[in-house]
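Down below is the structure, laid out as structure tokens.
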Amino acid sequence: MRESFNPSAGKSRNRRVKLLSVALFLLFALSLFAPRFMPVAAYRLVNQVPSPGRGFGQQSNQAPEMAPVRFTRVGIGQRITFGISVIDEESDDVRVELVQKPASAKYNERTLTVDWTPQVSDGRSGDFAVRITEFTRGTGDVRRTLLKSFSINIEPQAVVLPTPQPGSLAVETLVSITDPERLAAANQRWPIVALFDRIAQIEASKQITAGSNIKPTTGAQLFRDALKNLAALHHNEEIDPDSPRFNQQWNAENWRLVMVRPRMNKKVFELRLVYRNVVAAEPVYLMPRMRVVRGKDAGRPDEVRQKNNQTFARLFHDEFFDGANLKPFVASDRQKYGEALADFITKVVTYSDPADPNMQANFAALPHNARLGGDDALDSQGRYLRGNGWALGVMKVVPVERGGARVLALANLPIDGFATSIKPNPAGTAYAPAPAPRFNPNSPTFIKGWDRLIDADDHVNVAIPDEHEGAGSGAPQPSIIDASSLSRGFKSKFMVEETSLRDPRRRLFEERGMTCIQCHVRNFDEGDYLDAAVSDPRQLAKMTATRDIPRLFFVITPDEERSEFMRRNEEEQVGNLQGVMRDYLGIKINIPPALAADWPFNTKTGRS
């Protein structure tokens with residue numbers, strides 16, 4: 001990828017040369033002296049674990065980053081689609097423009113998506129150029145402009161397109177199942193409307209009682225609800241089935257199960273089923289989260305949680321293991337494995353313990369992640385001004401008024417809160433999330449009304465404010481959307497006032513350690529998964545740092561690429577699975593260890 005840079009006025013070439021000389025000198029000095037104090041420096045500077053009541057200074061403003069386009073060649077008549085993915089470290093306003101493209105390539109500026117089927121008339125290569133303009137937040141002044149260009153060679157015949165690097169057998173069959181052949185049976189048995197039908201049945205059994213006057217729904221209607229909710233959140237009529245601009249490509253028959261994720265590195269084990277539309281150029285993911293236990297996490301007795309986890313682990317083990325060993329088909333027969341995977345999904349989503357009303361199949365929520373324009377700022381005519389197109393949110397089934405009746409429906413709801421501060425428990429033996437000063441009525445810097453963002457169930461995690469950006473003293477509302485350009489004051493200041501995003505202790509609280517978009521654009525890992533000091537306040541001084549990794553550009557599923565973050569997270573899940581089978585079932589399973597020969601943590605107490 002070729003790049004040019006148009007710097008801000010007033011910065012002469014001589015000044016840049018001098019600054020470069022100083023930087024080179026400092027790097028040389030650091031190479032000489034850094035080894036003498038590296039453990040302390042890594043802890044204080046890289047990890048940025050703050051002292052109580054202290055935050056960290058802002059680094060110099062970073063230029064926007066653009067993800068490399070993974071295609072380098074394509075055949076005539078062969079379709080490829082890709083996004084122009086741009087991240088700004090400080091979430092400054094960024095405008096992305098495709099200023100050069102082949103004549104036959106289509107570009108959607110609202111979704112920053114290229115859809116291209118090369119023609120003979122395009123010549124021997126497709127040349128693209130992207131102009132990225134960064135604006136100073138608050139003033140709107142242009143800070144810098146970048147021009148990035150790349151070419152994709154055009155071949156006479158179709159070529160083999162890049163695919164994600166496969167994981168180990170344990171990853172591909174026990175942690176992140178993405179192989180289409182292994183997913184074939186599950187797709188046949190559980191297409192998206194069939195799964196939504198099951199969700200409709202589950203929610204009817206939970207919410208419709210005698211005298212409730214609530215009507216049930218169907219899977220087809222829940223699917224329509226999901227599309228309409230996406231359309232509203234992204235201001236995109238092309239995915240609204242009731243709009244004259246609706247694009248038929250979004251119909252249910254074009255959605256596939258692209259990933260199955262048995263999540264046993266969570267406090268409450270669950271099954272995540274990731275569906276994606278495989279016809280549309282834009283990436284859109286819907287991920288139903290299914291469990292075998294009901295009730296709210298915050299108020300659930302621990303013995304019920306443990307029963308859920310043991311039941312889920314037993315269902316999983318019996319499907320894929322024979323005692324300590326993987327069943328032979330896991331490695332040798334993808335079709336037979338696929339049937340077993342479909343059976344496992346069925347057992348989870350239809351689970352029922354007649355003796356225990358808590359132990360019933362349950363739908364927890366429907367997180368979604370899409371590049372449909374949700375982050376974009378538009379002019380009065382609805383034309384693109386700036387943004388990266390991505391937005392995330394969550395849907396749940398609730399009663400709504402429809403046609404004069406109360407009926408169950410999927411609705412966009414406020415996203416559950418996130419950890420804003422991390423404190424030792426009273427005994428000083430473990431950590432727990434706590435509201436950061438702005439949200440804590442007992443803090444001298446508390447702002448009246450902001451405590452309404454604290455989760456009503458767990459009383460500690462804090463919801464993303466709905467575009468208040470830290471201005472004024474009004475009481476904010478929880479947001480139903482998370483995107484790079486939204487609630488920037490909350491993300492860059494209030495939720496990190498006491499605990500940096502790079503603090504590895506945030507991983508203790510799973511997805512609630514940082515907001516959805518923060519996780520999806522991170523350029524650092526979760527730290528050393530084997531470091532026991534992360535969960536023990538008494539070992540704070542020994543805690544190791546998070547490490548820099550290649551930037552994530554919005555997607556953390558490996559259906560397009562297996563990122564460094566995903567690879568490390570999958571290794572942790574493999575190791576954790578060994579611990580789960582040992583702790584819950586008393587079985588030491590025989591799979592190649594990913595991080596340790598014996599998982600060093602007790603998986604019954606949550607993530608370590």
Side-chain angles (χ1 to χ4, degrees), residues 43 47-55 263 265-270 295-306 308-309 364 415-446 450-464 478 490-491 494-516 518-519 526-529 531-546 572 576 579 583 600-608:
Y43 171 71
N47 196 36
Q48 293 194 359
V49 179
S51 301
R54 298 184 63 187
R263 290 298 302 273
N265 65 337
K266 292 178 58 64
K267 193 171 183 180
V268 180
F269 298 173
E270 66 183 28
K296 293 182 177 181
D297 288 351
R300 183 182 295 114
D302 193 59
E303 59 268 22
V304 177
R305 179 182 73 85
Q306 299 291 3
N308 164 80
N309 292 356
I415 303 168
D416 285 343
F418 301 92
T420 55
S421 192
I422 296 170
K423 307 278 190 180
N425 64 9
T429 56
Y431 289 109
R438 186 179 186 87
F439 314 97
N440 185 353
N442 297 320
S443 167
T445 57
F446 167 67
W450 283 70
D451 53 335
R452 73 185 301 166
L453 294 173
I454 297 176
D455 192 302
D457 293 327
D458 60 38
H459 309 295
V460 290
N461 290 301
V462 179
I464 303 169
F490 168 78
K491 296 170 186 173
F494 307 135
M495 76 171 291
V496 295
E497 184 175 352
E498 291 184 322
T499 308
S500 166
L501 280 186
R502 280 183 172 262
D503 190 324
R505 294 174 297 179
R506 285 188 177 271
R507 77 166 184 253
L508 299 175
F509 309 107
E510 301 164 349
E511 284 85 354
R512 305 188 79 171
M514 58 179 63
T515 78
C516 313
Q518 287 171 334
C519 183
E526 294 188 302
D528 181 358
Y529 289 118
D531 181 12
V534 170
S535 57
D536 187 350
R538 296 163 296 187
Q539 301 185 57
L540 178 62
K542 299 179 182 179
M543 184 170 64
T544 53
T546 55
E572 182 257 353
N576 182 82
D583 299 338
F601 306 110
N602 181 358
T603 60
K604 289 188 174 184
T605 60
R607 195 174 185 190
S608 298

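Computed from heavy atoms alone, side chains included, the values below leave out hydrogens, waters and symmetry copies.
Judged purely by atom type and a 3.5 angstrom limit, R507 uses its side chain to pair as donor or acceptor with the backbone of E526. T420 places no side-chain N or O within 3.5 Å of a backbone atom of V462 that could act as its donor or acceptor partner. With hydrogens and angles disregarded, a donor-acceptor distance shorter than 3.5 Å links the side chain of D583 to the backbone of T603. Here the side chain of R506 pairs no donor or acceptor atom with the backbone of M514 at under 3.5 angstrom.
Looking at F490 and L453, their side chains never come closer than 4.5 Å, going by heavy atoms from C-beta outward. Residues P424 and Y431 form a side-chain contact, since some pair of their non-hydrogen atoms from C-beta on lies under 4.5 Å apart.
Taking both residues in full, the closest heavy atoms of V496 and L501 are given as CG1-CG, 3.8 Å, listed atom of the first, atom of the second, then distance. For A436 against E498, the heavy-atom pair with the smallest separation is CA-OE1, 4.5 Å. Shortest non-hydrogen contact noted between M495 and Q518 is SD-NE2, 3.5 Å. In terms of heavy atoms, A463 sits closest to P478 at CB-CB, 3.9 Å. The minimum heavy-atom distance between K604 and Q306, with the atom names listed, is O-NE2, 3.0 Å.
With sequence neighbours excluded, no residue forms a side-chain hydrogen bond (donor to acceptor under 3.5 Å, both in side chains) with D416. The salt bridge (charged side-chain N to carboxylate O under 4.0 Å, His left out) check on D455 picks up R512, with sequence neighbours excluded. Listed by chain and residue number, nothing satisfies the side chain to side chain contact (heavy atoms under 4.5 Å, CB included) test with A432 (two or more places apart in sequence, or in another chain). The side-chain hydrogen bond (donor to acceptor under 3.5 Å, both in side chains) search around K266 returns E510, E511, not counting sequence neighbours. Taking the ring-ring contact (aromatic ring centres under 6.0 Å, His included) definition, one finds that F418 meets it with nothing, sequence neighbours left out. Scanning for side chain to side chain contact (heavy atoms under 4.5 Å, CB included) contacts around D297 gives V268, R291, R300, with sequence neighbours left out. Residues meeting the side-chain hydrogen bond (donor to acceptor under 3.5 Å, both in side chains) test with R538, sequence neighbours left out: D536. N442 is linked by a side chain to side chain contact (heavy atoms under 4.5 Å, CB included) to N440, counting only residues two or more places apart in sequence or in another chain. Residues meeting the side-chain hydrogen bond (donor to acceptor under 3.5 Å, both in side chains) test with N265, sequence neighbours left out: R263, E572. Contacts of A427 classified as side chain to side chain contact (heavy atoms under 4.5 Å, CB included), with partners at least two apart in sequence or in another chain: N425, T429.
A donor atom on one side chain and an acceptor atom on the other are found under 3.5 Å apart for T544 and D531.
The NZ atom of K267 sits 12.5 Å away from the CG atom of N308 when rounded to the nearest 0.5 Å. To the nearest 0.5 Å, atoms CD (E270) and CG (N309) are separated by 10.5 Å.
Classified by interplanar angle (parallel below 30°, tilted 30° to 60°, perpendicular above 60°), the ring pair F439/W450 is tilted.
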